[in-house]
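Below is one structure, written out as structure tokens; the observations come after it.
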2 protein chains.
Amino acid sequence: MPALIADERCSVHCFDDCSLPSSSKSRKSAGDEPIAHMGKIVQYKRGAEIFGQGQPALYLYRVLTGAVRTVWISNGGRRQIRDFYLPGDYFGLEMGSAHSLSAYAIGDTQIRVINVHTIAKLTGRRKDVTHQLLQVKDDELVRLQDQTLLLNKTAEERIAWFLVRMTARSETQKFITLPMPRKDVAEHLGLTIETVSRTMRQLESAGLIKSLSRRRIQVLNDEALRKLVS
Amino acid sequence: MPALIADERCSVHCFDDCSLPSSSKSRKSAGDEPIAHMGKIVQYKRGAEIFGQGQPALYLYRVLTGAVRTVWISNGGRRQIRDFYLPGDYFGLEMGSAHSLSAYAIGDTQIRVINVHTIAKLTGRRKDVTHQLLQVKDDELVRLQDQTLLLNKTAEERIAWFLVRMTARSETQKFITLPMPRKDVAEHLGLTIETVSRTMRQLESAGLIKSLSRRRIQVLNDEALRKLVS
DNA sequence: CGAGTCTTTGAGGGGAGTCAATTCGTGTGG
DNA sequence: CCACACGAATTGACTCCCCTCAAAGACTCG
């Protein structure tokens, strides 16, 4: 196993480390993220596997730029996209010693790779580290819970939920840039790409959103969108 | 907050403490369950709330007799049965400090209530306690993962999955006793009670199962049932 | 034995999947 | 810079599975 040493080296992209809203709304201040700048920065090419299902979980990851998808493949071979991780998000933290899912870079992606052993050593004397570690785990559980709820909803509700969520995680609240193709969105929401496309068109006809380009969406009526999620 | 003291008192029902197969197949030996006999035994009446969503999570629970359902109510008011817990199963362990869901006794139920603080104090010097605690958390995560997969399947696959799962958790592998009404099964699988009923009839017509009574089911073709889950 | 709940069964409709064709967008090479 | 090619995305027609609504039947408990 390669020994990744914690360093404080900061790349040109570090400017956004503390400015982006995280997936969870329960983050109080941006200052109490001791893990945020730990670890080593690694570049991943488009489509590259970051870790695979069943591999030992040795690192905690944090997206700096780009985007990541985690994929769960059931024993029956069914493929499901568990979640997307955007700049500022942590992923790769597992309950057990092995990864229960795989992670791939969606586009070219820059990631901080933090040795969990390094974190574990800190948890003893650094209470803030322990706290953040639990926070990261909580966020992960919330993601999972959200998805189980999601799968009982209609296509329109799912798409609305997805858009609202992406809006909340985007720095520009009105314009969303989707890093992933339609296929990924569909597999994440438990729909087909055709239904995703149709439902989005439907929301556009209703005047809730506006499709600027293939991967750019403008939110026209944020309130109505949120009401659909209910 | 009521202080529940750990005791080793064992009721007449303790005979099955280590004999029942747990939800997870990764349980090695029955001996390494130090938490199994901890805590105080409490009786719950049919339908009684064991804990509620949002309440502080102070205890770990273990079903001795009867059955428990955990219910998740979304902010939109949608109701979803997260899972059922049978004799031998642990529940109520949360990542954070508050319960993210509610728990109810399905029938009259006997439960061991273990103070998490008592466990926490042991984790320092008892490695087996720590290990089992992680195991319980893992089991919970697996339950959640299974359900997300489930909701992308057809009604027939869901029912088959449910029956196979109940079979595996039953001491008599061929005869299943469902402690919960059809409504609970439906809400757990994301179906309606009518679809549950129809699909079961369909499986019975195909010769896979036989409905003995309202809540007793005989598995005739276990292999075919498992193949449906795939 | 009867009231009430739980369950089953039926008919009909709607939403999402499937299959197939077209358009759009992106990257490549001339 | 344009033409081409390939994959991604859209759009349409059709089907099917499950939900909805409604009624009848079965079990449980007083």
Side-chain angles (χ1 to χ4, degrees), chain A residues 45-47 67 69 78-81 104 106-108 150-163 176-206 209-218 228 230, chain B residues 45-47 67 69 78-81 104 106-108 150-163 176-206 209-218 228 230:
Chain A
K45 285 235 169 62
R46 177 172 122 81
R69 65 161 166 262
R78 232 186 199 91
R79 190 164 175 272
Q80 184 194 64
I81 290 183
Y104 299 90
I106 295 176
D108 290 352
L150 185 75
L151 296 172
N152 281 329
K153 303 187 182 210
T154 66
E156 192 180 45
E157 288 171 319
R158 296 186 204 195
I159 296 290
W161 174 86
F162 176 73
L163 291 177
I176 316 171
T177 302
L178 302 179
M180 73 294 287
R182 289 284 183 278
K183 190 189 172 201
D184 282 3
V185 177
E187 283 189 52
H188 177 49
L189 300 178
L191 300 170
T192 59
I193 53 172
E194 294 94 329
T195 301
V196 170
S197 182
R198 264 187 274 265
T199 307
M200 282 204 168
R201 164 82 40 219
Q202 188 180 320
L203 289 177
E204 188 171 8
S205 301
I209 60 172
K210 181 165 171 54
S211 178
L212 301 178
S213 80
R214 183 169 285 192
R215 300 219 175 153
R216 293 279 301 170
I217 293 173
Q218 181 181 0
L228 276 180
S230 77
Chain B
K45 287 235 167 61
R46 178 173 122 81
R69 65 161 166 263
R78 232 187 197 91
R79 192 166 173 272
Q80 184 193 63
I81 290 182
Y104 300 89
I106 295 176
D108 291 351
L150 185 74
L151 296 171
N152 281 329
K153 303 187 180 206
T154 67
E156 192 179 44
E157 288 172 319
R158 297 188 202 194
I159 296 290
W161 175 86
F162 176 73
L163 292 176
I176 316 172
T177 302
L178 302 178
M180 73 294 287
R182 289 284 183 279
K183 189 189 172 201
D184 282 3
V185 177
E187 284 189 50
H188 179 222
L189 301 179
L191 300 170
T192 60
I193 54 173
E194 295 95 328
T195 301
V196 170
S197 182
R198 265 186 272 265
T199 307
M200 282 202 168
R201 165 88 32 226
Q202 187 179 321
L203 289 176
E204 189 170 9
S205 301
I209 61 172
K210 182 168 169 54
S211 178
L212 302 177
S213 79
R214 184 168 283 192
R215 300 223 176 150
R216 294 275 303 168
I217 294 174
Q218 182 181 2
L228 276 180
S230 77

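Values below: every heavy atom of this structure, side chains too, minus hydrogens, waters and symmetry copies. Owing to the predicted nature of the structure, the values given are computational and were not obtained by experimental measurement. Letters go in sequence order (proteins before strands), and every chain restarts at 1.
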Check the distance between C/dG17's C1' and A/Leu189's CG and give it to me in whole angstrom. 15 Å
Can you give me the bend angle of the helix from C/dC1-D/dG30 to C/dG30-D/dC1? Use the axis through the first five pairs and the one through the last five, nearest 10 degrees. 40°
CG of A/Leu212 to CD of A/Gln218, rounded to nearest 0.5 Å, is 5.5 Å
What are the two closest heavy atoms between B/Arg215 and B/Pro179, and how far apart are they? NH1-O, 2.9 Å
Atom-pair distance (CD1 on A/Ile193; P on C/dA16), nearest Å: 16 Å
So A/Arg182, base contact, sugar-phosphate only, or nothing? Heavy-atom distance under 4.0 Å. sugar-phosphate
Counting only non-hydrogen atoms, which of residues 195-206 of chain A are less than 4.0 Å from DNA chain C? A/Thr195, A/Arg198
CG (B/Leu163) and CG (B/Leu178) are apart, to the nearest 0.5 Å, by 7.0 Å
Measure from CD on B/Glu194 to C1' on C/dG14 and round the result to the nearest Å. 16 Å
In terms of ring plane angle, is the pair A/His188 and A/Trp161 parallel, tilted or perpendicular, where the classes change at 30° and 60°? tilted
Classify the nucleic acid contact of A/Ser213 as base, sugar-phosphate or nothing, counting any heavy atom under 4.0 Å across all strands shown. nothing
Atom-to-atom span, CG of B/Leu191 to P of C/dT7 - whole angstrom: 15 Å
A/Leu151 CG to C/dA16 C1', in whole Å, measures 14 Å
What are the bounds, 5' to 3', of the part of DNA chain D that sits under 4.0 Å from heavy atoms of chain A? D/dG7 to D/dA13
Among A/Arg69, A/Gln80, A/Arg79, find the residue that satisfies the side-chain hydrogen bond (donor to acceptor under 3.5 Å, both in side chains) test when tested with A/Glu187. A/Arg79
Considering all heavy atoms of both residues, which atom of B/Glu156 and which atom of B/Gln202 are nearest to each other, and what is their separation? OE2-NE2, 3.3 Å
A/Glu157 CD to C/dG15 C1', in whole Å, measures 12 Å
Mind checking the CZ-CG spacing from B/Arg46 to B/Asp108? Nearest 0.5 Å is all I need. 8.5 Å
Spatial distance of atom CZ (B/Arg158) from atom OG1 (B/Thr199) [nearest 0.5 Å]: 10.0 Å
Phosphate OP1/OP2 of C/dG15 contacted by A/Thr154 side-chain N/O (<4.0 Å): no
